[in-house]
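The block underneath contains the structure these notes are about, expressed in structure tokens.
FYI, side chains are in, hydrogens and waters are out, and symmetry mates aren't considered; it's all heavy atoms of this structure. Positions are given from 1, in the same order as the sequence printed here. A quick note: this is a predicted structure, and the numbers were derived from the prediction, not measured.
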Amino acid sequence: MKITCISFAHLPMQKKTDKTEKKCSIQTPAQSTYDLGDINLYKNYVIPFTGYYGDQQPLKKLFWISTGRNDVYEDNWTKEHIYTAGDKKWVNASPAELLNRTPEQLIQSVCTLIKPDMQYPGIPAYIPSPNYGDKWGRFANYIEINPRLVAKYDGDTISEGLLGAMKLLPAIPPSGGKCANCVILSQLYPSLSNDGSIFDGSLYCTRLHSGISNNLTSGGLFGKMGADEQVKAFNDMAHLLGFKTGFRMPLSAGQLNVNGEPFNWYHHEKAYIDACVWAVELGFDAIYFDSGKHVIDPEGYMGIGDVPNPGQMGYILAKIREQTGRTDLSFVAEKANNNYAFKEIGLTAGTDWGKADDISSVKYESARQAYNREYAAGPEVSNDNDYGMLRYEDRLNRLNSCLWGFENRYDKLPAYLQINDIFPLSPYINTHEMMMYPKKMSGSDAWTDCERHWAGVFNTSYEARNYTNNVYHIFENAILN
């Protein structure tokens, strides 16, 4: 029998006596010791997405679906690849190794990383977002991952982007004691056309009130786990590892629609608020607003259609906070500068004044914005328009400036990275290209499309691995000092 790509569609099973060897089976558990609820609720019926209505322990549910058991074992592979910085731990491994791990191995890896010494690993019944105070977003490091980049490619379909992003989480340096690292997903809701296929369009365009993108979810979980539960499981895993989480949302009216209807800020303001609120109910802590600068400053606007005016944007942000009851949400605006008007409408951070090539410039901005403890504009290592031409040494210099660009630690600015600033992408791909349309890579002679894609999407050279190790050293110093 030909074994296809290991994913939720072909869930792995392991003998209880073998805790690390990867096996593959298309069996499902014979008996359930975990209450799946009424799974008929999910069969042959698409439930309108209106926030979180799923299991209160989705990560534990996901583990049971993947393994048929509740007991979590230590992962020996993780212990052999561990990177330690004080009391923080993460995995040092290549992206291809990480992406080829099974859901069972992934969850056991996370539990191995977070377990206290001399205790067995396990999935907590309650997983709160890590507490960095209400103003954490003003000082955070934001790291964007495009789920379509690390998804499962199978023929013409794209799926399981959430699982791909989850597999990378253990290898991303976690938050330090003084500053949160926040993982931003480039996509949550479906794109305008051909969502979940290699004919998919731009992720700068979004359909609201149409469920979660098929690029993210797993067909193998249909009838077992709802799309909302899959997203909540991602957030719970990230929170377990100490990350805050967020997602990208367009603001340009021409890049949005609601239930197939062209979006209009006059008619669809509530629909937009609802979509943001529902996402927060799935566990997200931040929203990155694409084209956020242009709410205040129309200069250089490249979007399609109107963006909300300042008064309307302020109302939207206030309603999201009010309806979720969350005073700790971070609202980030693309390219918003240190204009006090951005703080006045309720934003938390902006990506304004360019890149961090000169640490003196970052220190100057840090001192200049120190008075404002609720909002600041910070530097970038790179963004979604990165064409992959920046040298490794320049990326490392920018990262160092982002993490150390201050005279007083308490005046640190927010900083912005893409996943390729940690794991360099293949020379044949870049962040902007993957935002605009999917590209299926073929990096090996493996049997399956997804394995070939995973082998080809990241740079596998010695120089790339050495670069990642240098990134880890910079984060280690920031954690320890």
Side-chain angles (χ1 to χ4, degrees), residues 85 88 90 95 136-147 149-150 165 168-176 178-187 238 241-248 285-288 290 330 332-336 348-357 359 362 365-366 376-406 412-425 429-432 434-435 457-459 464 467-479:
K88 304 295 181 181
W90 62 92
W136 66 271
R138 154 66 173 81
F139 309 95
N141 303 311
Y142 297 90
I143 304 166
E144 185 169 11
I145 301 178
N146 182 342
L149 183 76
V150 292
L168 291 187
L169 287 178
I172 299 174
S175 304
K178 306 173 186 70
C179 177
N181 286 350
C182 178
V183 176
I184 299 286
L185 294 182
S186 301
Q187 182 183 29
L241 288 166
F243 296 107
K244 291 289 194 177
T245 60
F247 64 101
R248 177 184 284 261
D285 308 292
I287 304 176
Y288 181 95
D290 196 312
S330 178
V332 184
E334 181 190 32
K335 299 299 180 188
T348 311
T351 67
D352 169 47
W353 43 271
K355 302 172 179 66
D357 295 305
I359 194 171
V362 182
E365 286 291 336
S366 169
E380 301 170 339
V381 179
S382 72
N383 56 39
D384 55 286
N385 291 308
D386 183 1
Y387 289 92
M389 305 302 293
L390 193 67
R391 299 182 307 166
Y392 289 162
E393 43 272 48
D394 293 331
R395 289 188 192 274
L396 291 172
N397 177 55
R398 288 181 180 181
L399 177 62
N400 188 71
S401 297
C402 285
L403 299 188
W404 292 100
F406 51 78
K412 178 192 175 297
L413 295 172
Y416 305 89
L417 299 78
Q418 296 284 312
I419 193 61
N420 61 303
D421 295 316
I422 300 175
F423 306 115
L425 299 182
I429 203 169
N430 60 68
T431 59
H432 183 70
M434 285 301 292
M435 287 295 293
V457 72
F458 289 99
N459 193 323
Y467 167 84
T468 298
N469 283 322
N470 287 328
V471 168
Y472 286 167
H473 292 326
I474 294 174
F475 272 104
E476 177 184 4
N477 288 334
I479 289 170

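The CG atom of Asn430 sits 9.5 Å away from atom CE of Met389, with the distance rounded to the nearest 0.5 Å. Residue Asn459 holds its CG atom at 11.0 Å from CG of Asn420, rounded to the nearest 0.5 Å. Atom-to-atom distance recorded for Ser382:OG and Ile419:CD1 is 10.5 Å, nearest 0.5 angstrom. Atom CD1 of residue Ile474 and atom CG of residue Leu399 lie 4.5 Å apart, to the nearest 0.5 angstrom. Distance check, rounded to the nearest 0.5 Å: CD of Glu380 to CD of Glu334 gives 8.0 Å. Rounding to the nearest 0.5 Å places CD1 of Ile429 at 4.5 Å from CE of Met434.
Of all heavy-atom pairs spanning Leu241 and Pro170, the tightest one is CD1-N, 4.0 Å. Shortest non-hydrogen contact noted between Val332 and Ser330 is CG2-OG, 3.7 Å. Heavy atoms only, all atoms of each residue included: Ile184 and Ala286 are closest at CD1-CB, 4.4 Å. The two residues Ala336 and Ala377 have their closest heavy-atom pair at O-CB, 3.4 Å. Pairing each heavy atom of Phe243 with each of Leu169, the nearest pair is CE1-O, 3.8 Å. Scanning all heavy atoms of the two residues, the minimum distance from Gly350 to Tyr416 falls at O-OH, 3.0 Å.
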Run the numbers on Lys355 and Arg395 for side chain to side chain contact (heavy atoms under 4.5 Å, CB included), then give the verdict. CA-CA 10 Å; Lys355 302 172 179 66; Arg395 289 188 192 274; over 6 Å; no
Step by step, work out the side chain to side chain contact (heavy atoms under 4.5 Å, CB included) result for Ser175 and Lys244. CA-CA 8 Å; Ser175 304; Lys244 291 289 194 177; 5.8 Å; no
Would you please test Asp384 and Tyr288 for side chain to side chain donor-acceptor pair (under 3.5 Å) and show each step? CA-CA 12 Å; Asp384 55 286; Tyr288 181 95; 4.6 Å; no
Check step by step if ring pair (Phe, Tyr, Trp, His ring centres under 6.0 Å) holds for Phe475 and Trp90. CA-CA 11 Å; Phe475 272 104; Trp90 62 92; 7.6 Å; no
Dump the intermediate steps for side chain to side chain contact (heavy atoms under 4.5 Å, CB included) on Val471 and Tyr392, then the final yes or no. CA-CA 10 Å; Val471 168; Tyr392 289 162; over 6 Å; no
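Under the 4.5 Å side-chain criterion, counting only non-hydrogen atoms from C-beta, Phe247 is in contact with Ile287. Two residues are said to be in side-chain contact when any heavy atoms from C-beta on lie closer than 4.5 Å; Leu403 and Asn477 fail this criterion. Using a 4.5 Å heavy-atom threshold, the side chains of Leu413 and Pro379 count as touching. Under the 4.5 Å side-chain criterion, counting only non-hydrogen atoms from C-beta, Leu168 is not in contact with Ile422. Side chains of Asp386 and Leu425 form no contact here, defined as non-hydrogen atoms less than 4.5 Å apart. Looking at heavy atoms from C-beta onward, Ile145 lies in side-chain contact with Ile172 at the 4.5 angstrom threshold. The side-chain heavy atoms of Phe423 and Val150, taken from C-beta on, include no pair separated by under 4.5 Å. Using a 4.5 Å heavy-atom threshold, the side chains of Pro424 and Thr468 count as touching.
No salt bridge links Asp421 with Arg398; every basic N to acidic carboxylate O contact stays at or beyond 4.0 Å.
Judged by distance alone, with hydrogens and angles left aside, the side-chain atoms of Ser366 form no donor-acceptor pair with the main-chain N or O of Val362 at under 3.5 Å. At distances below 3.5 Å, not a single donor-acceptor pair connects side-chain atoms of Thr348 with backbone N or O atoms of Arg138. No side-chain donor-acceptor contact under 3.5 Å links Asn141 to the backbone of Asn181. Side-chain atoms of Thr431 come within 3.5 Å of backbone N or O of Asn383 as a donor-acceptor pair.
Classification of the His432-Tyr387 ring pair by plane angle, with boundaries at 30° and 60°, yields tilted.
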